[in-house]
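The structure presented is a predicted model; accordingly, all values stated were derived computationally and were not measured. Chain naming here is simple, since letters A, B, ... match the order of the sequence lines and numbering starts at 1 in each.
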Amino acid sequence: MSTAEYDFASIEKKWQKYWEENKTFKTVDFAADKPKYYVLDMFPYPSGSGLHVGHPEGYTATDILCRYKRQNGFNVLHPMGWDAFGLPAEQYAVETGTHPAVTTAKNIDTFRRQIKALGFSYDWDREVDTTDPKYYKWTQWIFKQLYKKGLAYIAEVPVNWCPALGTVLANEEVVNGLSERGNHPVERRPMRQWMLRITEYAERLLKDLDDLDWSEGIKEMQRNWIGKSEGAEVVFKIVRPEGGEVTVFTTRPDTLFGATYMVLAPEHVLVDEITTPAQAEKVKAYQKMAASKSDMDRTELATEKTGVFTGCFAVNPVSGEKIPVWIADYVLASYGTGAIMAVPAHDTRDFEFAQEFNLPIRCIIEPDREAAAGEGVNADDVLEGKASWTGPGRMIHSSNSDGLNINGMTVEESIRTTTEWLLSRGIGRAKTQYKLRDWLFSRQRYWGEPFPLVHMDDGSIKLLSDDELPLTLPEMEDFKPAGTGEPPLAKAKQWLRYTDPETGKQGWRETNTMPQWAGSCWYYLRYIDPLNDKAFIDPEKEKYWMPVDLYVGGAEHAVLHLLYARFWHKVLFDLGFVSTKEPFQKLVNQGMILGLSYKDSRGVLVPTDEVEVTTEGPVRKDTGEKLVEFAAKMSKSLKNVVNPDDVKHQYGADSMRLYEMFMGPLEAVKPWNTKSVEGVFRFLRRSFKMVAEQPIVEDKMDQDQARLCHTVIKKVTEDIESLDFNTAISQLMIFVNGFAGDNKPLPREAAETFVILLSPFAPHLCEELWEKLGHDDTIAYVKWPTHDEAALKINEVEVAIQVLGKIRARVMMSPELTHEEMSEKALAVPAIQEEIGGRPVRKTICVPGRLVNIVV
RNA sequence: GCCCGGGUGGCGAAAUGGCAGACGCAUGGGACUUAAAAUCCCUUGGUUGUAACACCGUGCGGGUUCGACUCCCGCCCUGGGCACCA
């Protein structure tokens with residue numbers, strides 16, 4: 001008869017109350033005697049649908065590490081907050097008239113309740129909310145610093161306008177010509193917008209990636225997004241009485257002798273000017289066609305090259321040859337100079353275009369035969385202009401009478417030589433280009449930070465003074481955009497008009513608001529000093545806590561949030577407000593959790609509520625058709641979304657936490673399987689019974705017990721350090737498998753060690769067990785055990801004996817034997833002698849404690 | 001097309017040059033029970049066999065090594081990112 005059951009519901013309630021009442025996880029601002037450790041979760045957008053099983057994955061991982069660090073004597077900062085500006089609350093406001101602040105507050109309450117229910121050790125006194133005026137006062141203040149530094153400007157630029165969302169979007173928010181949120185079509189439209197000069201930081205954003213402890217994948221994505229390429233700008237003279245010139249950017253100035261035509265982007269400013277009357281009509285038509293194409297169309301039609309001849313010619317600056325100037329939409333107006341020199345023999349895009357329009361193709365690099373063959377390219381075809389080659393080789397036909405001769409050189413040499421020659425003639429120079437564009441920073445929305453500035457009637461821009469901040473959002477009845485591209489704030493007539501308190505001059509407030517990314521660009525700093533109303537952060541506190549030691553979140557923010565936040569941080573660093581040049585030293589991306597899904601034999605997805613799982617496998621409820629189980633992204637339509645509240649009610653928060661970690665490696669994409677939660681739940685129940693029901697004895701552990709106990713200490717400690725939580729849990733299971741049993745006496749040392757080791761994973765249960773073991777204080781700060789190397793020693797171990805790599809026998813021996821002793825023992829085994837069959841032994845390979853391999 | 005991951009039992013996974021499949025789920029069998037649930041014990045990569053054993057086995061094909069899931073070369077499949085960036 002059990003004396004107690006594992007009643008997770010009351011245990012969890014009890015300890016959550018205890019932690020809250022005792023402020024167990026309150027973090028002190030400074031602790032001279034303790035090293036600091038700052039662990040950050042990407043704060044969530046509090047959506048109306050509540051927490052998803054994906055959220056607690058990262059939160060549990062960081063919580064385990066934090067609890068472990070506290071028990072190892074660190075002063076740990078582990079905060080949580082809300083990235084609460086955003087479109088859904090605003091759209092709901094448009095539909096129902098409910099103020100977004102009301103919706104947001106409600107959603108935050110739900111998120112907070114759900115997160116607290118999982119027992120995470122956040123210091124809730126540091127909670128931040130980006131929509132709180134006390135918070136966005138400082139977002140506005142930082143914008144002022146950006147503006148004062150010349151990093152914020154207004155530009156009339158072609159922007160990504162999304163009619164369905166009624167707002168413009170940043171390049172980063174447009175995926176395949178559709179909006180990242182909601183997949184709505186996006187069109188190019190020139191508009192007056194706020195921009196941030198992130199391009200000024202391109203080089204540093206790129207270079208400083210090298211020292212960060214981030215996954216190579218994410219670093220590579222940022223590098224690609226920044227897209228640095230080195231080359232040269234080259235000036236081409238235009239052939240016409242009035243003169244004129246076009247500058248191009250190329251990464252291959254060495255191929256200049258092979259440039260047989262030029263291409264301008266259809267939007268290039270010179271196009272209208274240089275087009276001959278005979279071609280004017282065709283050029284106009286092509287420009288119109290290109291402008292009406294959405295980005296989506298451009299992507300889909302990428303295979304076929306189109307373009308029109310302008311009727312104009314330019315001069316190849318190295319050969320003096322007259323070459324035609326075309327326009328084509330494969331040249332982008334927004335990159336480089338919006339114009340290129342075309343070298344069809346050595347560029348695949350130019351080659352395709354030249355073939356399409358019968359333009360000359362001149363080979364000026366003899367391909368390296370071996371490299372060409374490796375790529376499946378026939379070098380002779382290249383020489384004859386029947387194929388293009390972009391790889392290594394020797395320059396040919398590349399000299400002029402003006403002192404440039406690069407024949408015979410390699411690609412690298414000739415790039416340098418040509419660039420120097422261009423520079424000496426004043427018609428070119430080395431140049432570095434980036435794909436990164438300036439950040440489009442305004443949105444036509446209500447629910448965002450207002451810009452802290454006024455457009456004065458005299459045309460100047462006045463920044464609000466610090467004591468006019470925060471500039472709060474006006475109360476409104478109607479949140480609909482005007483439809484003309486005018487933001488909702490344009491309707492707030494009272495709010496819009498501004499009178500300068502000092503000069504009495506008048507102006508209009510900005511009607512755009514900041515994008516959602518603004519608040520998340522600096523929230524990690526505010527956690528350090530959340531209540532400061534004199535500064536966005538106290539410099540002393542900043543110095544103590546920064547940088548963030550570990551940042552955990554989803555990979556979907558690889559370029560957006562992480563690039564923007566690094567940019568702001570570097571600006572704040574340059575202004576002397578922060579002490580580190582990078583905010584996030586180590587970054588880990590948790591893998592997405594997939595839902596269990598079903599499809600029929602034709603591969604059609606079947607919603608989970610139409611599926612019945614029989615002993616023969618899953619079948620369709622109505623037809624009985626056999627289905628195949630597989631993992632797919634959780635979605636409402638597939639009905640495979642798992643709600644953390646349900647899991648918690650059935651198995652408890654500790655089981656939920658443990659399962660999230662036991663599924664597999666943190667960074668891997670993993671399918672959720674509710675049946676498997678049962679497994680970790682059973683483990684927790686056995687753990688409870690082992691400590692709460694088995695007799696605890698004051699005896700020392702015997703040798704075997706000590707060995708197991710110390711092996712577990714070692715493995716769990718190492719695994720937490722390397723974030724391998726799944727294998728740490730396995731090891732704890734091995735402990736229970738070894739120590740649990742009906743009324744087997746359990747040495748106190750083993751019991752206490754186990755409870756401490758399990759406590760970061762299952763904190764509620766372990767607080768309870770710690771109390772049952774007779775302690776009256778929280779386990780949260782109890783010292784983490786260290787393993788005793790001596791206890792790990794083993795007297796005899798089974799060693800595999802191989803002959804030519806195949807296992808032929810197993811023998812018990814001490815793991816401390818020497819090479820000679822091991823081979824001696826191995827060769828003494830009769831079965832081995834038989835296997836050798838009198839052949840001479842060439843050598844033996846011995847791995848202590850593992851195997852002996854005999855080579856004959 | 002280019003750049004990153006990944007491919008191991010029925011399933012989630014472990015092992016990063018040294019006995020593949022730890023740990024868990026699910027299966028099958030047993031104990032307990034009037035019975036069921038729960039719990040506990042055993043079994044479980046494949047093939048032949050009653051069994052010991054033997055042979056095969058980490059996507060496919062080669063290679064390096066005494067020894068390869070692990071390192072190298074080529075290919076296939078799959079997830080993600082980028083995509084006319086000159």
Side-chain angles (χ1 to χ4, degrees), chain A residues 2 5 175-176 215-221 223-225 227-229 231 248-252 255 263 298-299 301-305 328-332 334-343 346-350 352-353 390 433-437 555-556 558-559 591-592 594 596 615 617 629 631 633 658-659 662-665 667-680 682-683 685-686 689 715 724 726-734 736-737 740-742 798-807 810 842-856:
Chain A
S2 294
E5 270 301 320
V175 178
N176 285 335
S215 76
E216 266 318 302
I218 298 287
K219 287 207 241 182
E220 206 50 34
M221 277 163 74
R223 287 189 190 111
N224 290 340
W225 191 265
K228 179 179 184 173
S229 51
V248 304
F249 172 72
T250 177
T251 53
R252 297 291 303 271
T255 61
V263 186
R298 282 205 183 189
T299 313
L301 298 172
T303 44
E304 231 166 80
K305 295 277 183 290
D329 67 1
Y330 84 91
V331 173
L332 307 176
S334 50
Y335 182 76
T337 62
I340 62 155
M341 64 176 204
V343 185
H346 306 292
D347 182 288
T348 27
R349 295 153 302 181
D350 297 344
E352 282 167 17
F353 190 81
T390 56
Q433 271 298 333
Y434 299 90
K435 273 195 252 180
L436 185 70
R437 311 289 152 77
E556 65 273 19
V559 281
M592 202 189 341
L594 303 175
L596 205 54
T615 43
E629 196 178 276
K633 217 167 168 163
L658 213 60
Y659 176 65
F662 188 63
M663 291 169 85
E667 298 190 62
V669 175
K670 308 162 281 272
W672 181 275
N673 187 347
T674 300
K675 272 189 238 156
S676 295
V677 183
E678 188 81 36
V680 294
R682 284 204 280 253
F683 160 67
R685 190 165 50 193
R686 291 184 71 201
K689 289 193 169 181
K715 177 78 175 150
D724 291 314
N726 54 334
T727 48
I729 295 167
S730 297
Q731 198 61 43
L732 290 163
M733 287 172 169
I734 293 169
V736 173
N737 290 345
D742 282 342
E798 193 182 62
V799 170
I801 315 293
Q802 299 181 327
V803 177
L804 288 173
K806 290 208 182 244
I807 294 162
R810 290 165 215 275
R842 284 219 338 256
K843 65 170 166 174
T844 56
I845 289 109
C846 302
V847 181
R850 316 278 323 215
L851 58 73
V852 178
N853 190 7
I854 298 162
V855 187
V856 291

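- If you take CZ of F662(A) and C1' of C25(B), they are 9 Å apart, rounded to a whole angstrom.
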Strictly under 3.5 Å: I want the nitrogen or oxygen pairs between protein and nucleotides 65-70 of chain B, one per line.
from	atom 1	to	atom 2	distance (Å)
C66(B)	O2'	N853(A)	ND2	3.4
C66(B)	O2	N853(A)	ND2	2.3

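- A sub-4.0 Å separation between OP1 or OP2 of U39(B) and a side-chain N or O of R686(A) is absent.
- Residue contacts for G217(A): at a heavy-atom cut-off of 4.0 Å it reaches the sugar-phosphate backbone alone, with no base atom in range.
- The side chain of T727(A) approaches A15(B) more closely than any other nucleotide in the set A86(B), A15(B), C84(B).
- Here the side chain of Y335(A) is nearest to one of C3(B), G18(B), A86(B), namely A86(B).
- The two residues I218(A) and A555(A) have their closest heavy-atom pair at CD1-CB, 4.2 Å.
- For G67(B) and G17(B), the C1' atoms lie 8 Å apart once the distance is rounded to whole Å.
- Judged by a 6.0 Å distance limit and a 45° cone about the ring axis, K305(A) is not positioned over the six-membered ring of F353(A).
- For the pair F683(A) CZ and U39(B) C1', the computed distance is 17 Å after rounding to whole Å.
- Checking C23(B), G18(B), A86(B) against the side-chain heavy atoms of V847(A) singles out G18(B) as nearest.
- No side-chain donor-acceptor contact under 3.5 Å links D724(A) to the backbone of T727(A).
- The P atoms of A52(B) and U47(B) are separated by 15 Å, rounded to the nearest whole Å.
- The P atoms of A13(B) and C2(B) are separated by 29 Å, rounded to the nearest whole Å.
- Protein atom CG of L594(A) is 16 Å distant from nucleotide atom P of U78(B), rounded to whole Å.
- Pair check for A15(B) finds none; no Watson-Crick or G-U wobble contact set falls under 3.5 Å.
- Between the C1' atom of C4(B) and the NZ atom of K219(A) lies a distance of 14 Å, rounded to the nearest Å.
- Between D724(A) atom CG and A14(B) atom P there is a gap of 8 Å when expressed in whole angstrom units.
- Between K305(A) atom NZ and A86(B) atom C1' there is a gap of 11 Å when expressed in whole angstrom units.
- Set against A20(B), G18(B), A86(B), the side chain of I340(A) has A86(B) as its closest nucleotide.
- Atom NZ of K689(A) is separated from atom C1' of A38(B) by 8 Å (rounded to the nearest Å).
- Residue N737(A) places at least one side-chain N or O under 4.0 Å from the OP1 or OP2 atom of G24(B).
- Looking at heavy-atom distances under 4.0 Å, N726(A) makes contact with sugar-phosphate atoms alone, never a base.
- Taking a pair to require two hydrogen-bonding distances under 3.5 Å in either a Watson-Crick or a G-U wobble arrangement, G49(B) remains unpaired.
- Heavy atoms only, all atoms of each residue included: M663(A) and P671(A) are closest at CE-O, 3.3 Å.
- Closest to the V331(A) side chain, of the nucleotides A22(B), A86(B), G24(B), is A86(B).
- Between the P atoms of G28(B) and G6(B), the separation comes to 36 Å (whole Å).
- Rounded to a whole angstrom, the distance from the C1' atom of A22(B) to that of A14(B) is 5 Å.
- For the P atoms, the distance from A31(B) to A35(B) is 11 Å, rounded to whole Å.
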(request) Walk me through it: do V855(A) and L804(A) pass the test side chain to side chain contact (heavy atoms under 4.5 Å, CB included)? (result) CA-CA 5 Å; V855(A) 187; L804(A) 288 173; 4.2 Å; yes

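- Contact check, R252(A) against A86(B): no side-chain N or O comes under 4.0 Å of OP1 or OP2.
- Nearest heavy-atom pair across T250(A) and M341(A) is OG1-CE, 3.7 Å.
- Using a 4.0 Å cut-off, some side-chain N or O of S229(A) falls inside it from OP1 or OP2 of A86(B).
- Candidate nucleotides A13(B), A86(B), G18(B) were compared by shortest atom distance to the side chain of L851(A), and G18(B) ranks first.
- Comparing R437(A) and S676(A) against RNA chain B, the residue whose closest nucleotide sits nearer the 5' end is S676(A).
- Below the 3.5 angstrom threshold, one finds no donor paired with an acceptor across the side chain of T251(A) and the base of A86(B).
- For the OP1/OP2 pair of C23(B) and a distance below 4.0 Å, the side-chain nitrogens and oxygens of R682(A) include no atom meeting the criterion.
- Against the 90° criterion about 0, the sugar-base torsion of G10(B) places it in the anti range.
- Contact annotation: N224(A) does not reach the phosphate of C4(B) (side-chain N/O to OP1 or OP2, under 4.0 Å).
- Separation of the C1' atoms belonging to C3(B) and U8(B) is 26 Å when rounded to the nearest angstrom.
- A gap of 24 Å separates the P atoms of U16(B) and U65(B), to the nearest Å.
- Nucleotide G79(B) forms a pair with C4(B), judged by Watson-Crick or G-U wobble geometry with both contacts under 3.5 Å.
- Between T337(A) and P671(A), the residue whose closest nucleotide on RNA chain B is further toward the 5' end is P671(A).
- Within 4.0 Å of E798(A), counting heavy atoms only, lies at least one base atom of the nucleic acid.
- Of the candidates C23(B), U39(B), A13(B), U39(B) carries the atom nearest the R685(A) side chain, counting heavy atoms from C-beta on.
- Without hydrogens or angle criteria, Y659(A) side chain to T674(A) main chain gives no donor-acceptor distance under 3.5 Å.
- The backbone N or O of A668(A) sits less than 3.5 Å from a side-chain atom of K670(A), completing a donor-acceptor pair.
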(message) Run the salt bridge (Lys or Arg N to Asp or Glu O under 4.0 Å) test on E220(A) and R223(A) for me, step by step, so that the C-alpha distance in whole Å, both residues' side-chain angles and the decisive distance to 0.1 Å come before the verdict.
(response) CA-CA 5 Å; E220(A) 206 50 34; R223(A) 287 189 190 111; 3.0 Å; yes

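- The interatomic distance linking E220(A) (CD) with C82(B) (P) rounds to 14 Å, in whole Å.
- Across every non-hydrogen atom of R686(A) and N737(A), the tightest pair is NH1-OD1, 2.8 Å.
- Scanning all heavy atoms of the two residues, the minimum distance from T390(A) to H346(A) falls at CG2-O, 3.4 Å.
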